[in-house]
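Worksheet: one structure, shown below.
We're numbering straight along the sequence, starting at 1. Model, not experiment: these values are computed from the prediction.
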Amino acid sequence: MSHPERLGTPGGESVGTIAEPPHVNGTLADYAARYGLRQSAARPPLRKYIQDVWARRNFIWAFASAKNISMYTDSRLGQVWQLLTPLLNAGVYFLIFGLLLNTKRGVPDFIPFLVTGVFMFGFTQRSVTSGSKSVGDNLSLIRALHFPRATLPLAIAIVELQQLLLALVVLFVIVFACGEPLSFQMLLFVPVMALQLMFNVGISMVMARLGAFNRDITQLLPFVMRTWLYMSGVIFSLPSLMKPGSRLAEYPWLGELLQLNPAYVFVELSRHVLLGEYRNYVGGLAHASSTGQLWLYGIVWAAVMLVGGFLFFYRAEERYGRG
C-alpha cells in the first residue's frame with residue numbers, strides 16, 4: 001500500500017493526507033468548552049443519577065436473580081445450600097454456645113432465638129462481604145457498558161434478600177415447631193425486613209466503594225464480621241448480660257453502646273416481633289431497650305445508612321473501573 005503522502009493529483013496536489021491535530025490554545029478544558037465536548041464517564045447530577053438507577057430497576061432484579069441462580073450451579077444440591085448453610089451455622093452455634101458454654105442462661109425458646117439471630121445477622125453479613133466485591137468482580141461489565149454503577153451493590157442487596165426469603169421458610173417452621181403461636185405481631189416482621197434491607201443497601205454501597213479502590217479490605221472483612229457477630233447478641237441475650245450483679249452491669253456505658261449496634265437492633269427487633277415469650281422475658285429485665293427504642297434506632301440507622309451510603313458511592317461514580 002502506498003504511503004498517503006505519496007499519493008497526489010497530476011497537478012501535484014496531495015490527497016488523502018493525514019491531517020495534523022488542531023492546535024489548542026489554552027487548556028483542554030477550554031478546548032472542550034469551545035467545541036461542546038464533555039467527558040463520557042462524567043458523574044451526572046444527583047437527581048439525574050437517581051432517575052437513571054430507577055430506570056434500570058428491571059436490570060437490577062434480573063441481574064440479581066441470574067447471579068443468585070448461578071451461585072450454586074456447580075454443587076450437586078444446588079439451591080438447597082441456601083437453606084443448609086444458615087441451618088448448619090445455627091447448629092454449630094447451638095452446640096458450642098447453647099450446650100457447651102450454656103449462654104442461654106434462662107433465655108426462653110433458645111433454639112428459635114438463636115436461629116433468628118443467625119439468619120438475620122447473616123442477611124447483613126453477606127451484604128457487606130458481597131458488596132465489597134461488587135465493583136471489582138464486574139470490571140469487564142463496567143468498562144464495556146455505560147450505566148449507573150450503583151446498580152451493582154443494589155443488585156447484591158437484592159441477591160441477599162432473595163436468599164433470605166428462602167431461608168425464612170425454615171425459620172418460620174422452627175419458630176412454630178417450638179410452640180410459638182401465630183399472631184398479628186408477626187406482621188411487623190415485614191417492616192423490620194424493609195428497614196434492614198435499607199440498611200444493607202447503604203452499607204453495601206459503602207463497602208463497594210472501599211473495596212473498589214482497596215482490594216485488601218476483602219481479606220480483612222472475615223475478622224471484622226466475626227467480631228461484629230459476637231458484639232451483636234446473635235448467640236446470647238444482651239439484656240440478660242446486663243442484669244444487676246453481672247460483669248457487664250459494672251460498665252453500663254458499654255451496654256448502652258452495644259444496644260446502639262445496628263446489627264443488634266435488627267436482630268433484636270426480629271426476635272421481639274416473632275417470639276412472644278422472649279419479648280415478655282426481656283420486658284421484665286432492667287436496662288433493656290424497649291420495643292419503641294429499638295424501632296427508633298432501626299429507623300434512624302436505615303435512613304442514615306441508605307442516604308449516606310448512596311451519596312458516598314455516588315461521589316466516586318466516574319472513578320470506578322479506571323486503572
Side-chain angles (χ1 to χ4, degrees), residues 57-94 109 111-134 137 151-180 182-183 185-204 207 221-222 225 228-229 232 234-235 262-263 265-275 298 302:
R57 58 192 181 276
N58 293 329
F59 163 77
I60 294 173
W61 185 265
F63 182 79
S65 300
K67 191 172 184 64
N68 193 16
I69 294 173
S70 65
M71 288 174 67
Y72 300 98
T73 52
D74 294 334
S75 60
R76 182 167 297 181
L77 295 179
Q79 302 297 311
V80 177
W81 281 110
Q82 296 187 20
L83 306 179
L84 287 180
T85 300
L87 275 178
L88 291 173
N89 285 333
V92 171
Y93 291 140
F94 176 73
D109 293 335
I111 292 180
F113 166 91
L114 180 62
V115 172
T116 301
V118 171
F119 278 36
M120 300 311 294
F121 182 82
F123 181 30
T124 296
Q125 180 183 36
R126 293 189 304 271
S127 297
V128 171
T129 54
S130 299
S132 67
K133 298 180 287 186
S134 60
D137 287 352
T151 56
L152 296 175
L154 273 170
I156 291 300
I158 298 300
V159 168
E160 304 308 331
L161 176 64
Q162 292 175 345
Q163 292 196 7
L164 177 66
L165 292 177
L166 285 174
L168 288 181
V169 176
V170 177
L171 173 60
F172 278 96
V173 168
I174 293 174
V175 168
F176 293 136
C178 291
E180 186 66 34
L182 185 66
S183 65
Q185 187 82 12
M186 291 182 175
L187 294 176
L188 294 176
F189 186 63
V190 175
V192 172
M193 283 181 53
L195 290 175
Q196 190 170 356
L197 176 62
M198 291 169 60
F199 176 84
N200 289 356
V201 168
I203 198 170
S204 179
M207 298 309 303
L221 270 180
M225 298 309 300
W228 197 12
L229 181 145
S232 302
V234 174
I235 54 182
V265 169
F266 295 118
V267 166
E268 196 71 1
L269 265 178
S270 300
R271 289 166 174 163
H272 275 238
V273 300
L274 293 179
L275 310 176

Please walk me through it: do L161 and F123 pass side-chain contact (heavy atoms from CB on, under 4.5 Å)?
CA-CA 7 Å; L161 176 64; F123 181 30; 4.2 Å; yes
Between L152 and F63, does a side-chain contact (heavy atoms from CB on, under 4.5 Å) hold up when you go through it step by step?
CA-CA 9 Å; L152 296 175; F63 182 79; 4.3 Å; yes
Decide side-chain contact (heavy atoms from CB on, under 4.5 Å) for M186 and V273; before the verdict, give the C-alpha distance in whole Å, the side-chain angles of both, and the deciding distance to 0.1 Å.
CA-CA 5 Å; M186 291 182 175; V273 300; over 6 Å; no
Non-hydrogen atoms of L229 and V234 that approach each other most closely:
O-CG2, 3.9 Å
Let me confirm one number: the OG-CG distance from S270 to L275, rounded to the nearest 0.5 Å.
9.0 Å
After noting the C-alpha distance and the side-chain angles of L274 and E180, does the key distance pass the side-chain contact (heavy atoms from CB on, under 4.5 Å) rule?
CA-CA 8 Å; L274 293 179; E180 186 66 34; over 6 Å; no
Aromatic plane relationship, F172 with F189 - under 30° parallel, 30 to 60° tilted, over 60° perpendicular
perpendicular
Check: H272 and L188 side chains under 4.5 Å, non-hydrogen atoms
no
May I ask you to test the S232-V267 pair for a side-chain heavy-atom distance under 4.5 Å?
no
Taking the side chain as everything from C-beta on, heavy atoms only, tell me whether W228 gets closer than 4.5 Å to F121.
yes
Rounded to the nearest 0.5 Å, what's the gap from CD1 on I158 to CH2 on W61? Could you check?
6.0 Å
S134 side chain to G131 backbone, donor-acceptor under 3.5 Å:
yes
Correct closest heavy-atom pair for V175 and P112 would be CG2-CB, 4.1 Å
CG (D109) and CD1 (I174) are apart, to the nearest 0.5 Å, by 12.0 Å
Which atom pair, heavy atoms only, marks the closest approach of Q162 to A64?
OE1-O, 3.7 Å
Which atom of V201 lies closest to which atom of A157, heavy atoms considered:
CG2-CB, 3.6 Å
Between the main-chain N or O of T124 and the side-chain N or O of E160, is there a donor-acceptor pair closer than 3.5 Å?
no
Closest non-hydrogen atom pair, L187 against P191:
O-CD, 3.5 Å
Could you state the interatomic distance from OG (S130) to CD (Q163), rounded to the nearest 0.5 Å?
8.0 Å
As an exercise, state the distance from CE of M193 to CG of L164, rounded to the nearest 0.5 Å.
5.0 Å
Check whether any side-chain heavy atom of S132 sits under 4.5 Å from a side-chain heavy atom of L221, and report yes or no.
yes
Distance (rounded to the nearest 0.5 Å) between L171 CG and L166 CG
13.0 Å
